[in-house]
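All ligand and atom numbering here is 1-based and tracks the order in the structure.
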Amino acid sequence: MRPYLFIIGLSLGLTLGHASARPLTVMLDPGHGGEENKGAPALMRPGTFEKKYALNLAYLIRNELRSKNVSVLLTRDGDVELGLKERVLMANRTNADLFISLHLNSTEKPGPKGHATFFLAQEAADEATRKLVEFENRESKTLKPRLVDVPKDEQVGHILLDLTRHRAQQDSRRLAEIIQARMRTTSPFPDRGVKQAPFGVLKGTSMPAVVCEIGFLNHVKEGLYITSDDGLKDIAKAISLAILDYGDLIHFSRNQGKDRRK
Ligand SMILES: [Zn+2]
């Protein structure tokens, strides 16, 4: 076979393979929102806050993934506050394959820089992570839940859920590693690695779920980069490519494997 025919055949096979498999559904969760929960202040852009850039990043990722056989859902599509449990419920109810919570980091004392991706653990590994989790887990006191009926898990449901969550936890680590790998080649700031922490927004998700902290708002250079149009576009591209990588490496290969066994 001539090489170009082989390439056409290969790309056609991959396209058809993806088209026949269930599309990947991603729930993006822009952190914070509303007047009471603005997130960390963007010190390099006075008067603006984390909530704005997290939402802009979600929109940019959604644009990147348009026409890529990936369905993108958002927990919030505007400047509104949502409870942590509600974000989890939204992901579970829509049967999303992935849940990615988007945040911009900050510290009491400026200095730290770089990007990190977290998956769930019972406890924070160090004091800096504990402080970060405490900040990210805050909800405003006036917040009223929009989704009120929490599903009742039955005994069998619990067991199935545990098994699902066990696999989801392993896949969460892989998703975090894939995101960091793409961020490493994109962001000019350090790779702080894959970490684990007890983020409220990761508790109870039935799919692979991570929190992305894309950089530090209170670092002079990084704070400008992660709030600039170009910086956010770069990061959106990196996270989108990571989502596509995850689809190719895990989601589609697993679905196609199932098809083959039928
Ligand atoms: Zn945050």
Side-chain angles (χ1 to χ4, degrees), residues 27-61 74-88 90-91 99-121 124-141 143 172 175-176 179-180 183 187 189 192-205 209-219 222-228 231-232 235-236 238-239:
M27 178 66 85
L28 297 177
D29 173 48
H32 314 276
E35 275 311 296
E36 303 288 315
N37 189 353
K38 296 176 181 173
L43 293 182
M44 305 306 141
R45 316 251 180 216
T48 65
F49 292 84
E50 179 185 358
K51 63 175 185 175
K52 171 184 169 175
Y53 303 101
L55 184 60
N56 286 350
L57 179 60
Y59 288 150
L60 289 167
I61 296 171
L74 267 59
T75 52
R76 70 176 176 95
D77 190 358
D79 186 18
V80 287
E81 186 178 5
L82 275 176
L84 301 171
K85 280 205 181 97
E86 287 182 285
R87 295 169 196 253
V88 172
M90 285 170 88
F99 178 86
I100 302 178
S101 194
L102 302 167
H103 292 261
L104 295 85
N105 213 333
S106 191
T107 42
E108 277 170 7
K109 282 186 199 158
K113 57 185 172 178
H115 46 91
T117 304
F118 294 80
F119 66 105
L120 187 63
D126 52 57
E127 185 58 14
T129 307
R130 193 193 62 72
K131 279 191 174 157
L132 172 66
V133 169
E134 192 181 274
F135 181 82
E136 301 290 24
N137 282 354
R138 266 182 225 163
E139 291 175 308
S140 68
K141 291 193 175 79
L143 181 66
S172 299
L175 174 63
I179 290 173
Q180 282 305 108
M183 284 291 287
S187 170
F189 297 93
R192 297 172 71 87
V194 170
K195 301 180 180 211
Q196 284 187 267
F199 287 105
V201 81
L202 298 179
K203 287 179 185 169
T205 48
V210 295
V211 168
C212 274
E213 296 280 354
I214 62 164
F216 285 80
L217 282 169
N218 62 335
H219 183 273
E222 195 175 38
L224 277 177
Y225 173 71
I226 60 175
T227 53
S228 68
L232 280 175
I235 293 166
I239 295 175

Output, in order, the C-alpha distance, side-chain angles, deciding distance and verdict of side-chain contact (heavy atoms from CB on, under 4.5 Å) for Tyr59 and Leu74.
CA-CA 9 Å; Tyr59 288 150; Leu74 267 59; 3.6 Å; yes
Let's go through Lys195 and Glu213 carefully: what are the C-alpha distance in whole Å and the side-chain angles of both, what is the deciding distance for salt bridge (charged side-chain N to carboxylate O under 4.0 Å, His left out) to 0.1 Å, and is it a yes or a no?
CA-CA 11 Å; Lys195 301 180 180 211; Glu213 296 280 354; over 6 Å; no
Show me, pair by pair, the donor-acceptor contacts under 3.5 angstrom made by side chains of residues 44-52, not counting sequence neighbours?
from	atom 1	to	atom 2	distance (Å)
Arg45	NE	Thr227	OG1	2.8
Arg45	NH2	Leu224	O	3.0
Thr48	OG1	Arg45	O	2.7
Thr48	OG1	Tyr53	OH	2.7
Glu50	OE1	His32	NE2	3.2
Glu50	OE1	Ala40	N	2.9
Glu50	OE2	His32	NE2	3.2
Glu50	OE2	His103	ND1	3.1
Glu50	OE2	Leu104	N	3.0
Lys51	NZ	Gly34	O	3.0
Lys51	NZ	Asp79	OD1	3.1
Lys51	NZ	Asp79	OD2	2.9

Nearest non-hydrogen partners of Leu102 and Ala54, listed with the distance:
O-CB, 3.5 Å
Have a look at Phe99 and tell me which of Val210, Leu28, Val201 forms a side-chain contact (heavy atoms from CB on, under 4.5 Å) with it.
Val201
What orientation do Tyr225 and Phe189 show, parallel under 30°, tilted 30 to 60°, or perpendicular over 60°?
tilted
Under 2.8 Å from the Zn ion (ligand 1), which protein N/O/S atoms are there?
His32 NE2, Glu50 OE2, His103 ND1, Glu136 OE1, Glu136 OE2
